[in-house]
Protein chains: 2
Amino acid sequence: MAKHDPNLDLLFHALSDPTRRMMLSRLAKGPAAVTELAGLSGFKLPTILRHLSVLEEAGLVATQKDGRVRSCAFQPKALQPMTDWLEDQRKLWEARLDRLDDYVMNLMKEREK
Amino acid sequence: MAKHDPNLDLLFHALSDPTRRMMLSRLAKGPAAVTELAGLSGFKLPTILRHLSVLEEAGLVATQKDGRVRSCAFQPKALQPMTDWLEDQRKLWEARLDRLDDYVMNLMKEREK
DNA sequence: TGTATAGTTAGCAACATGGCTAAGCATGAT
DNA sequence: ATCATGCTTAGCCATGTTGCTAACTATACA
């Protein structure tokens with residue numbers, strides 16, 4: 001029940017950009033170098049590096065250098081806080097529906113009297 | 001297989017702010033007026049209205065005026081594109097693991113020779 | 001050693017975001 | 001009719017984001 005999870009801010013923000021989502025989709029299929037990601041997106045290298053650092057700060061991508069090439073790898077576990085949040089919301093929503101249900105049932109019982 | 005879904009941009013962006021997530025959590029429990037949302041957050045009304053419009057544009061909240069009070073309601077269906085995207089990513093990732101698995105199996109078979 | 005390749009860094013410009021105050025409008029209560 | 005309430009709009013300010021170019025570093029290859 002995190003009141004103000006900065007991790008979620010970073011996660012959702014990272015995913016709110018189509019270029020970053022494209023990068024992630026590529027990386028979900030396997031690791032790739034920065035230049036390949038740049039090629040796929042059509043953006044210049046510095047731009048991609050910035051996006052990459054956003055993804056890294058959100059924990060969605062881990063990178064390491066092999067010689068002069070930086071290899072980027074998708075980190076699926078980083079999505080967990082998001083799915084947890086979704087689940088929390090669903091629970092709230094369903095509890096609400098349950099209460100509504102009770103309410104309606106009571107109304108119907110009252111009517112029968 | 002949306003190449004550049006602007007809907008997802010709006011969705012993820014809307015969820016990237018803690019104040020907006022707090023508003024959503026409140027609304028998941030049932031409808032509320034703008035003033036109540038402002039009270040919960042501690043921010044001023046205009047600020048909350050701005051957040052509200054972001055949530056509305058993402059389709060996450062629907063509002064309507066009853067007299068002079070605007071009632072806000074959570075729209076859980078709006079989360080669907082996000083869960084779909086998550087599912088797509090998961091598939092990509094698992095396909096990758098499958099290919100890795102095949103690769104390792106082949107390696108082991110080679111070794112047996 | 002020299003040259004091409006792969007990143008990296010600094011910094012600029014345009015625009016978006018998130019907070020605010022002040023002033024306005026519409027509705028409900030007296 | 002008047003006043004309080006609840007929302008709405010306009011506009012300001014500080015900061016963050018997203019693209020770029022230019023200049024730099026570091027590694028591989030000949």
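Naming convention: chains lettered A, B, ... in sequence-line order (proteins, then strands); numbering from 1 in each chain.
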Roughly how many Å is it from [atom1] in [X] to [atom2] in [N], rounded to a whole number?
X	N	atom1	atom2	result
A/R70	D/dA26	CZ	P	14 Å
A/L45	C/dA10	CG	P	17 Å
B/F43	C/dT17	CZ	P	17 Å
B/R20	C/dT17	CZ	P	8 Å
B/Q64	D/dT8	CD	P	13 Å
A/K44	C/dA10	NZ	C1'	18 Å
A/L55	D/dT17	CG	C1'	14 Å
B/R50	C/dT21	CZ	P	14 Å

Can you name the nearest heavy-atom pair linking [X] to [Y], along with the distance?
X	Y	value
B/R70	B/L52	CD-CD2, 4.4 Å
A/A78	A/G59	CB-O, 3.2 Å
A/F74	A/L79	CZ-CD1, 3.9 Å

Quick one: CG on A/D17 to CG on B/L8, what's the gap to the nearest 0.5 Å?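 The CG atom of A/D17 sits 11.5 Å away from the CG atom of B/L8.
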
I need the B/L55 CG to B/H13 NE2 distance, nearest 0.5 Å.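 Here the interatomic distance stands at 9.5 Å.
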
Under a 4.0 Å threshold between the charged nitrogen and the carboxylate oxygen, would B/E87 count as salt-bridged to B/R90?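 A salt bridge is present here (some side-chain N lies under 4.0 Å from a carboxylate O).
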
Membership question, hydrophobic clusters at under 4.5 Å side-chain separation (ILVMFWY): are B/V54 and B/L27 in the same one?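 Unlinked, B/L27 and B/V54 end up in two clusters.
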
Does OP1 or OP2 of [N] have a side-chain N or O of [X] closer than 4.0 Å?
X	N	value
A/H13	D/dG16	no
A/T47	D/dC20	yes
B/H51	C/dG19	yes

Let me have a per-nucleotide readout for nucleotides 22-29 of chain C, 5' to 3', with B, S or -, counting only protein heavy atoms under 4.0 Å. B----BS-

If you assign each of A/L49 and B/S16 to its closest nucleotide in DNA chain C, which residue comes earlier from the 5' end?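 Residue closer to the 5' terminus by nearest nucleotide: A/L49.
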
